[in-house]
Engineer: 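Below are the structure tokens for one structure; questions will follow.
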2 protein chains.
Amino acid sequence: MIKAGTCSIIPRVKTGIHVIPKVQHMTNTGYVHGYSEREAERLLDQAQTLTSLLHYDTHYPAGSRVLEAGCGIGAQTLTLASQSPGAEFICIDCSPLSLAQAEERVMAARLGNVRFQQADIFNLPFPPGSFDHVFVCFVLEHLPDPHGALVRLKAMIRPGGTITVVEGDHGSTFFHPDSRDARKVIDCLVTLQARMGGNSLIGRELYPLLTAAGYSDVAVSPRMVYVDASRPDLVEGFNKQTFVSMVEGVRDETLKQGLVSSEDWDRGIRDLYRSCEPYGVFCYTFFKGTGHTGGR
Amino acid sequence: MIKAGTCSIIPRVKTGIHVIPKVQHMTNTGYVHGYSEREAERLLDQAQTLTSLLHYDTHYPAGSRVLEAGCGIGAQTLTLASQSPGAEFICIDCSPLSLAQAEERVMAARLGNVRFQQADIFNLPFPPGSFDHVFVCFVLEHLPDPHGALVRLKAMIRPGGTITVVEGDHGSTFFHPDSRDARKVIDCLVTLQARMGGNSLIGRELYPLLTAAGYSDVAVSPRMVYVDASRPDLVEGFNKQTFVSMVEGVRDETLKQGLVSSEDWDRGIRDLYRSCEPYGVFCYTFFKGTGHTGGR
């Protein structure tokens with residue numbers, strides 16, 4: 001089902017948050033961390049909390065044709081397709097490897113309303129106005145030209161259709177205890193993503209980006225993940241395993257690029273972990289924007 | 001109706017956000033900025049948006065006795081008392097001047113369920129367990145010992161009663177276009193408030209503070225004010241007139257204390273104003289926490 005295409009952007013380092021239903025992930029790939037059943041349930045709860053936070057209000061009418069641009073391994077595809085069983089989803093990504101995983105995931109979930117196709121957002125193999133709606137999640141942050149991507153996607157949408165965009169914003173992060181060192185390691189991540197041509201502060205920019213790309217009736221809503229000790233599933237699943245783990249993942253690249261000394265880095269990471277302690281608090285904000293194409 | 005008392009804390013410089021229904025303010029003080037009726041309506045909308053964001057879920061049962069600790073000029077008192085007409089509010093503040101304004105405000109609104117009394121949170125003139133509920137808004141940020149305040153207030157609540165705390169967090173601020181200079185002037189405000197014995201990052205700390213003070217079933221929810229050009233009332237009323245105006249207000253003190261050069265300060269303020277432009281975005285988060293006293 002996966003067709004050939006071209007791809008211009010492959011990030012070298014994982015600098016973005018990807019909210020992946022973890023239990024699904026465990027089933028498909030033999031997740032290696034040895035979680036007990038109870039912990040698996042917790043992770044499922046956490047994934048569902050985040051999925052609900054980001055996607056609860058995305059539903060497409062029966063009969064509509066939806067382009068998911070940059071579906072990756074299908075983390076959002078499952079949610080989209082199961083929430084709108086009457087809609088048809090065409091999901092593109094530039095990576096054949098990711099598409100294969102996405103297809104496996106969708107088959108395991110027995111969803112019949114999804115097709116995959118290898119394609120590049122900057123070289124879309126569809127006639128103008130082919131879709132009723134476009135959905136883009138955790139993609140623009142990796143693109144050197146998000147404006148160009150939104151303009152090209154707009155051409156794919158029929159008059160009167162919509163686009164939905166979801167992005168994170170690493171600069172929205174704050175925590176208790178506050179720490180200059182911890183803020184510095186997050187700044188390193190932001191700098192690294194910028195050097196790779198991306199923008200990890202893009203969440204806050206959705207309104208001006210969608211407006212400048214010519215969409216009308218643009219509406220953006222922030223979706224904050226607030227984590228304290230009363231929400232142990234989020235402390236473990238989001239704060240520790242998603243956010244801090246993502247930051248830790250760029251240690252080598254950050255040191256290699258001389259953004260920080262290894263001592264400063266390790267102090268920052270240690271301080272970030274303090275936000276996961278029982279007295280700690282952690283906040284991160286995603287943004288969800290919608291825009292319309294003019295006419296009907 | 002205002003009784004005498006003592007007061008230990010009077011901030012010298014206004015470093016906190018105070019969400020005051022502006023039209024009310026205009027009526028009482030002859031607001032000098034010459035707003036047209038249409039602009040007054042906009043400001044009212046904005047004040048109501050923020051009031052609703054922070055207080056929509058605060059209601060007290062008929063017959064309950066509520067202590068508002070640190071009522072100031074009564075900005076929240078009006079909302080509280082009109083939302084819970086069957087409850088009785090005893091509102092304390094250490095400043096007789098503020099209490100006089102609050103009383104005038106409450107009389108103008110013809111609210112009969114409010115009493116004012118001059119008193120200090122650290123020297124409360126009530127027997128233990130005198131109240132069913134306590135409400136504290138934009139107060140802890142100014143106190144050198146917020147833990148001590150929460151402990152003292154807990155003693156005032158009968159078993160099975162509740163406390164509600166609302167605070168801002170200046171470190172939650174982020175905006176587009178991002179600017180190191182603009183972040184620096186906000187850091188100055190945070191430093192200034194810390195030197196005055198306060199803590200303008202206290203919003204994020206409500207969960208650990210309430211828990212450490214012995215409250216149970218503590219629940220904290222973030223309340224983000226998200227502002228973009230689709231919300232011109234908030235651009236004007238919150239971003240420009242509330243937040244940036246508050247930051248500008250500490251210019252002299254900041255320069256006097258040598259926290260920043262006047263050139264850097266002015267660059268930072270100029271950049272903050274860019275977030276008020278049509279391409280700008282501004283985010284600020286308040287926190288609302290509730291806690292219970294054990295037993296019944």
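Numbered from 1 within each chain, the chains take letters A, B, ... in sequence-line order.
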Engineer: Counting only non-hydrogen atoms closer than 4.5 Å, does A229(A) touch chain B with its backbone (N, CA, C, O), its side chain (CB onward), both, or neither?
Structural biologist: both
Engineer: Below 4.5 Å from any heavy atom of chain B, which atoms of D169(A) appear? Answer side chain, backbone, both or neither.
Structural biologist: side chain
Engineer: Got M224(B) and T285(A) here, is their nearest side-chain heavy-atom distance under 4.5 Å?
Structural biologist: yes
Engineer: What heavy-atom pair brings V281(B) and P208(A) nearest, and what distance separates the two atoms?
Structural biologist: CG2-CD, 3.7 Å
Engineer: Holding to side chain to side chain contact (heavy atoms under 4.5 Å, CB included), I want the full list of residues that pass it with Y56(A), two or more places apart in sequence or in another chain.
Structural biologist: S52(A), R223(A)
Engineer: Select one option (side chain, backbone, both, neither) describing which atoms of F175(A) are under 4.5 Å from chain B's heavy atoms.
Structural biologist: backbone
Engineer: Can you measure from CG (L209(B)) to NE2 (H176(A)) and round to the nearest 0.5 angstrom?
Structural biologist: 7.0 Å
Engineer: If we only count heavy atoms from C-beta on, is the F174(A) to F174(B) side-chain gap below 4.5 Å?
Structural biologist: no
Engineer: Flag the pair D228(B) / R204(A) as yes when at least one side-chain heavy-atom distance between them is below 4.5 Å, and no otherwise.
Structural biologist: no
Engineer: Using a cut-off of 6.0 Å, state whether more than 12 heavy atoms not belonging to R270(A) lie near its atom CZ.
Structural biologist: yes
Engineer: If you count heavy-atom pairs within less than 4.5 Å of chain B, which of S172(A), A219(A), S221(A), G171(A) leads?
Structural biologist: S172(A)
Engineer: Of all of D178(B), T173(B), L201(B), which one pairs up most often with chain A through heavy atoms under 4.5 Å apart?
Structural biologist: D178(B)
Engineer: Is the closest side-chain heavy-atom distance between P278(B) and Y207(A) below 4.5 Å?
Structural biologist: no
